[in-house]
Amino acid sequence: MNEQVIGYIESIVKERPALISEMEQYAVVHNVPIMELVGIEALLGMLRIQQPKVILEIGTAIGYSALRMAGALPEATVVTLERDEERFEAAQGFLSRSEDGKRVVTLFGDALELAEEVGKHGPYDAIFIDAAKGQYLKFFELYSGMLAENGVVYSDNVLFKGLVAEEQVEQKRIRNMVKKLQNYNAWLMNHEEFDTSILPVGDGIAISKKRGEQR
Ligand code: SAH
Ligand code: MG
């Protein structure tokens with residue numbers, strides 16, 4: 001989507017509560033990769049339709065998307081994971097200042113090592129993957145089994161600034177990440193138990209709907 005259109009949407013998005021705006025500013029100042037405004041708004045739109053009651057988020061950062069999800073869904077609980085101590089603490093600080101934050105359960109540690117703890121809070125109606133791009137396939141394999149029937153997995157950053165569509169990426173580290181994401185996207189699109197669509201909004205969001213029992 002071109003910058004002008006994104007700017008236009010941003011200009012008409014409803015004003016956020018003061019705490020949310022403060023978090024958006026904190027993210028800019030501290031260089032925290034929270035979801036882009038148009039991306040989070042699209043995600044919230046889908047969640048308002050789906051109405052999940054229990055959500056798992058992989059990648060809390062400072063708690064921005066977790067708090068926005070809790071705010072958009074007054075009956076939902078959000079369980080969210082973060083391995084970076086500084087961000088985890090910032091998230092706890094922000095969440096403690098909000099009534100909606102009481103419905104957010106923060107777990108500290110690497111998502112690849114938290115499955116047992118995460119399982120205790122499930123099953124999950126929605127899983128939102130927004131962490132290390134190179135590990136998406138592992139996250140999906142580890143946690144999609146905790147989905148409730150008709151659950152949905154939302155994966156952020158699957159288009160990685162459009163780089164997944166580039167023929168050649170110069171920087172090796174970036175190129176590796178791009179390859180992993182391309183691999184994840186292809187794998188996900190062909191997954192037998194899920195139907196997946198990719199929305200070119202924000203940094204690219206994949207929506208993977210678990211199929212019901214065999215018809
Ligand atoms: N969802 C947040 C942004 C998350 S940024 C929002 O939109 O507000 C991605 C975060 O995932 C980073 O803070 C990073 O530390 C964390 N992360 C990356 N890999 C992880 C892992 N394996 N386990 C736990 N957290 C991880
Ligand atoms: Mg993201």
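As a basis for the values below, the full set of heavy atoms in this structure was taken, side chains included, without hydrogen atoms, waters or symmetry mates. Counting convention: from 1, in listed order, for ligands and their atoms alike. The first residue in the sequence is number 1, and the count goes up from there.
- Contact atoms of ligand 1 toward Gln135: 22 (N) (distance under 4.0 Å to a heavy atom of the residue).
- Rounding to 10°, one obtains 80° for the angle at the Mg ion (ligand 2) between OD1 (Asp130) and OD1 (Asn157).
- Of the N or O atoms in Ile34, none lie within a sub-3.5 Å distance of an N or O in ligand 1.
- The distance from ligand 1 to the heavy atoms of Tyr64 drops below 4.0 Å at these ligand atoms: 8 (O).
- In Glu116, the CD atom is not crowded: 12 or fewer heavy atoms of neighbouring residues, nucleotides or ligands sit closer than 6.0 Å.
- Within ligand 1, the atoms closer than 4.0 Å to a non-hydrogen atom of Met35 are 6 (C), 7 (O), numbered from 1 in the order shown.
- Checking Leu81, Asp130, Asp156, Ile129 against atom 9 (C) of ligand 1, the nearest heavy atom belongs to Asp130.
- Only one option out of Asp84, Leu95, Ile34 pairs with Ile62 in a side-chain contact (heavy atoms from CB on, under 4.5 Å); it is Ile34.
- Of the protein's non-hydrogen atoms, the one nearest atom 17 (N) of ligand 1 is Ala131 CB, 3.7 Å.
- Side-chain atoms of Tyr136 come within 3.5 Å of backbone atoms of Asp156 as a donor-acceptor pair (strictly under, hydrogens ignored).
- Counting atoms of ligand 1 from 1 in the listed order, those under 4.0 Å from a heavy atom of Asp84 are 15 (O).
- Close approach to Ala111 involves these atoms of ligand 1, each under 4.0 Å from a residue heavy atom: 21 (C), 22 (N), 23 (N), 24 (C).
- Close N/O approach between Leu112 and ligand 1 is not found [any backbone or side-chain N/O within under 3.5 Å].
- Shown here for Ile129 and Val153, the closest heavy-atom pair between the two residues is CD1-CG1, 3.9 Å.
- In terms of protein heavy atoms, atom 15 (O) of ligand 1 is closest to Glu82 OE2, 2.5 Å.
- When all heavy atoms are compared, the tightest approach of Met23 to Gly63 is CE-C, 3.4 Å.
- Here Met35 fails the criterion, with no N, O or S atom under 2.8 Å of the Mg ion (ligand 2).
- Looking at Thr60 against ligand 1, only its backbone comes within 4.0 Å, counting heavy atoms.
- Protein heavy atom at the shortest distance from atom 20 (C) of ligand 1 is Arg83 NE, 3.4 Å.
- Note on Asp156: its N/O/S atom closest to the Mg ion (ligand 2) is OD2.
- Nearest heavy atoms, Ile127 versus Tyr143: CD1-O, 3.3 Å.
- Selection from Pro33, Ala90, Gly109 by nearest heavy atom to atom 5 (S) of ligand 1 gives Pro33.
- For the pair Phe139 and ligand 1, the shortest N or O to N or O distance does not fall below 3.5 Å.
- Look at Arg68 and Glu41 and you find a salt bridge, because one of the NZ, NE, NH1 or NH2 atoms lies within 4.0 Å of a carboxylate O, short of that distance.
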Set out, in order, the CA-CA distance, both residues' side-chain angles and the distance that settles salt bridge (Lys or Arg N to Asp or Glu O under 4.0 Å) for Glu141 and Lys138, then state yes or no. CA-CA 5 Å; Glu141 285 188 318; Lys138 283 186 185 160; over 6 Å; no
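- Of the listed residues (Arg103, Lys102, Arg97), just one forms a salt bridge (charged side-chain N to carboxylate O under 4.0 Å, His left out) with Asp100, and that residue is Arg103.
- Salt bridge status for Asp110 with Arg83: present, with a side-chain N to carboxylate O gap under 4.0 Å.
- For atom 12 (C) of ligand 1, the nearest non-hydrogen atom from the set Glu57, Arg87, Arg68 comes from Arg87.
- Shortest contact from atom 11 (O) of ligand 1 to any protein heavy atom: Gly59 CA, 3.4 Å.
- Ile58 and Phe88 end up in different hydrophobic clusters when Ile, Leu, Val, Met, Phe, Trp and Tyr side chains are linked at under 4.5 Å.
- Contact detail for Pro200 and Leu159: the closest heavy-atom pair is CA-CD1, 3.7 Å.
- Nearest to atom 2 (C) of ligand 1 by heavy atom, out of Ala91, Ser65, Ala132, is Ser65.
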